[in-house]
Amino acid sequence: MAHIVLTFDNNKHASALYGQFDENLARIEQKLGIDLRSRGNQLSIRGEASAAEQARRALDYLYDLLQKGASIGQSDVDGALRMATAADDQLSLPTLEKKGKMSAAQISTRKRTIHARTPNQDAYMRALERAELVFGVGPAGTGKTYLAVAHAAMLLERGMVERIILSRPAVEAGERLGFLPGDMKEKVDPYLRPLYDALYDMMPADKVERALAAGVIEIAPLAFMRGRTLAHSAVILDEAQNTTPVQMKMFLTRLGENARMIVTGDPSQIDLPPNTKSGLVEALRVLDEVPGIVTVRFLDADVVRHPLVAEIVKAYDRDAKHMRGEARGAP
């Protein structure tokens, strides 16, 4: 058993760290099986050595966020615990500074700052910083699209790119959007809504509207990308599992000078017609060893939405494996 005592120098931040009626401490106790007892700005941690150390890392990290002016909630506590309990030998583990201090990757704009909440989110955010082409692959709720848009908004705000281009295959309309009413923006808005939601989270609404009107943020349906060269831009292709191999190759070869390209998708959620290959699945295979391309694979453990979402993803994965097993055993 280990006994660790933490002392916080700001009573207001310590109170926010503990949460209303010590709800944050109770959550950490439940998750790690330890005992936390607070007395003013002092916090006592008792429990199995590794769990006590994980709690210390998580609490130190959350306190640092509060010192930097952030507010924390249940999702932040859960994220800090995921980061703190990651295996020490995992390549995507956040940087561990001296004395075991945990430092997670972050994306900052004038409106808000986002911190990684899982080791794979941390690896993804660091990949976005260093690589020109990044694939973010995995189940819904892992933040792969949201973080891509947040990173693009940050690059635009800092003047590192001149435009943001959002693209998504409109599978439901068979990529033939002409019969839908309205202008191009109105035709594809239903398919690009998640990208817009992330933009409005990262940028003031009036700036988003002005950027859309000026073409600084552009709607570029995949069906209309052919023949373009996308330079000085942050380009995002979402729901890439619903591209065909021809469409994916066409998109990837649009990459121009000083551009960043982010491709996100979930190979388990392909909505293409039967017997149609997914461009994302093929690209991941073909480009596996190409230098300069980084692929980050998210797992159901990385789901950061409501806890039930992770359980739903697991249940569907179990069912898919069961069905595949039955299919192999069929005469």
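In what follows, every heavy atom counts, from backbone to side chain, and hydrogens, waters and symmetry copies are set aside.
Of the N and O atoms on the side chains of Asp302 and Thr118, at least one donor lies less than 3.5 Å from an acceptor on the other residue. For the residue pair Tyr124/Glu129, the side-chain donor-acceptor check at 3.5 Å is not satisfied. For the residue pair Gln241 and Thr243, no side-chain donor N or O sits within less than 3.5 Å of a side-chain acceptor on the partner. In the model, Asp197 has no side-chain atom that pairs as donor or acceptor with a side-chain atom of Tyr146 under 3.5 Å. The closest side-chain donor-acceptor pair between Asp9 and Tyr63 falls under 3.5 angstrom.
Using a 4.5 Å cut-off on side-chain heavy atoms (C-beta onward), Leu36 and Ile28 make contact. Counting only heavy atoms from C-beta outward, the side chains of Thr145 and Arg168 never approach each other to under 4.5 Å. Leu166 is not listed as a side-chain neighbour of Asp238, based on a closest heavy-atom distance of 4.5 Å or more. Looking at heavy atoms from C-beta onward, Phe135 lies out of side-chain contact with Val296 at the 4.5 angstrom threshold. Put simply, the side chain of Leu133 does not reach to within 4.5 Å of the side chain of Val294, judged on heavy atoms. With a 4.5 Å cut-off on side-chain heavy atoms, Phe251 and Val246 do not count as touching. Under the 4.5 Å side-chain criterion, counting only non-hydrogen atoms from C-beta, Leu65 is in contact with His115. For the pair Met248/Leu237, a side-chain contact is recorded, criterion being any heavy-atom separation below 4.5 Å from C-beta on.
Atom CE of Met261 sits about 10.0 Å away from atom CD1 of Ile293, to the nearest 0.5 Å. Atoms CG and CG, from Asn24 and Leu59 in turn, are 9.0 Å apart once rounded to the nearest 0.5 Å. To the nearest 0.5 Å, atom CG of residue Leu255 and atom CG of residue Asn258 are 10.0 Å apart. Put simply, CD1 on Ile4 and OG on Ser44 are 9.5 Å apart, with the number rounded to the nearest 0.5 Å. Atom CZ of Arg82 and atom CD of Gln54 lie 14.0 Å apart (nearest 0.5 Å). Here Tyr316 contributes atom OH and Gln269 contributes atom CD; the two are 8.5 Å apart, rounded to the nearest 0.5 Å.
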Next on the checklist: Between Tyr196 and Leu212, is the side-chain contact (heavy atoms from CB on, under 4.5 Å) condition met? List the steps.
Outcome noted: CA-CA 11 Å; Tyr196 280 125; Leu212 286 166; 3.9 Å; yes
Checklist entry - Run the side-chain contact (heavy atoms from CB on, under 4.5 Å) check on Leu287 and Leu252 step by step: do they pass? => result CA-CA 11 Å; Leu287 304 176; Leu252 294 175; 3.6 Å; yes
Item to check | salt bridge (charged side-chain N to carboxylate O under 4.0 Å, His left out) evaluation trace for Arg56 with Asp60 | outcome: CA-CA 6 Å; Arg56 184 196 65 76; Asp60 276 345; 2.8 Å; yes
Checklist entry - Is there a side chain to side chain donor-acceptor pair (under 3.5 Å) between Tyr200 and Glu209 once you walk through the steps? => result CA-CA 9 Å; Tyr200 283 108; Glu209 296 299 335; 2.2 Å; yes
Item to check | Residues Phe298, Gln121; criterion side-chain contact (heavy atoms from CB on, under 4.5 Å); working and verdict | outcome: CA-CA 8 Å; Phe298 293 91; Gln121 278 195 357; 4.0 Å; yes
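Heavy atoms only, all atoms of each residue included: Tyr18 and Ser38 are closest at CE1-CB, 3.6 Å. Across all their heavy atoms, Pro139 and Asp266 have their closest contact at CA-OD2, 3.5 Å. The shortest heavy-atom contact between Ile262 and Ala148 is CG2-CB, 3.6 Å. Residue Pro169 comes nearest to Glu239 through the heavy atom pair CG-O, 3.4 Å, listed as atom of the first residue, atom of the second, then distance. Here the closest heavy-atom approach between residue Ile217 and residue Leu156 is recorded as CG1-CD2, 4.4 Å. Summarising the geometry of Pro267 relative to Val281, their closest heavy-atom pair is CB-CG2, 4.0 Å, with the distance given to 0.1 Å.
Cluster membership for Val263 and Val290, using ILVMFWY side-chain heavy atoms within less than 4.5 angstrom, is shared. Note on Leu299: it does not cluster hydrophobically with Leu280, by side-chain heavy-atom contacts below 4.5 Å among ILVMFWY residues. Cluster membership check: Leu17 does not share its hydrophobic cluster with Val5, using side-chain heavy-atom separations under 4.5 Å among Ile, Leu, Val, Met, Phe, Trp and Tyr.
With a 6.0 Å radius and a threshold of 12 heavy atoms from other residues, nucleotides or ligands, Lys277 has its NZ atom at or below the threshold. Atom CZ of Arg112 sits in a crowded spot, with more than 12 heavy atoms from other residues, nucleotides or ligands closer than 6.0 Å.
A donor-acceptor pair is defined here as one N or O able to donate and one able to accept, closer than 3.5 Å; such a pair exists between the side chain of His151 and the backbone of Leu128. Without hydrogens or angle criteria, Ser233 side chain to Ala231 main chain gives a donor-acceptor distance under 3.5 Å. Checking side-chain atoms of Arg57 against main-chain N and O of Glu53 turns up no donor-acceptor pair under 3.5 Å. Under a 3.5 Å cut-off, the side chain of Asn41 and the backbone N or O of Thr7 do not form any donor-acceptor pair. Side chain of Thr142 to main chain of Gly138: no donor-acceptor pair is present (N/O by atom type, distance under 3.5 Å, no hydrogens or angles). Judged purely by atom type and a 3.5 angstrom limit, Gln247 uses its side chain to pair as donor or acceptor with the backbone of Thr244. A donor-acceptor pair under 3.5 Å is formed between the side chain of Thr109 and the backbone N or O of Met202. Of the possible donor and acceptor atoms, one in the side chain of Asn10 sits under 3.5 Å from a partner among the backbone N and O of His13. For the pair Asp288 (side chain) and Arg285 (backbone), a donor-acceptor distance under 3.5 Å is absent.
Salt bridge absent: Asp78 and Arg117 never bring a charged side-chain N and a carboxylate O closer than 4.0 Å. Salt bridge present: Asp122 and Arg126 bring a charged side-chain N and a carboxylate O closer than 4.0 Å. Under a 4.0 Å N-O distance rule, the pair Arg27/Glu23 does not qualify as a salt bridge. With salt bridges taken as basic N to acidic carboxylate O contacts below 4.0 Å, none links Arg260 and Glu132.
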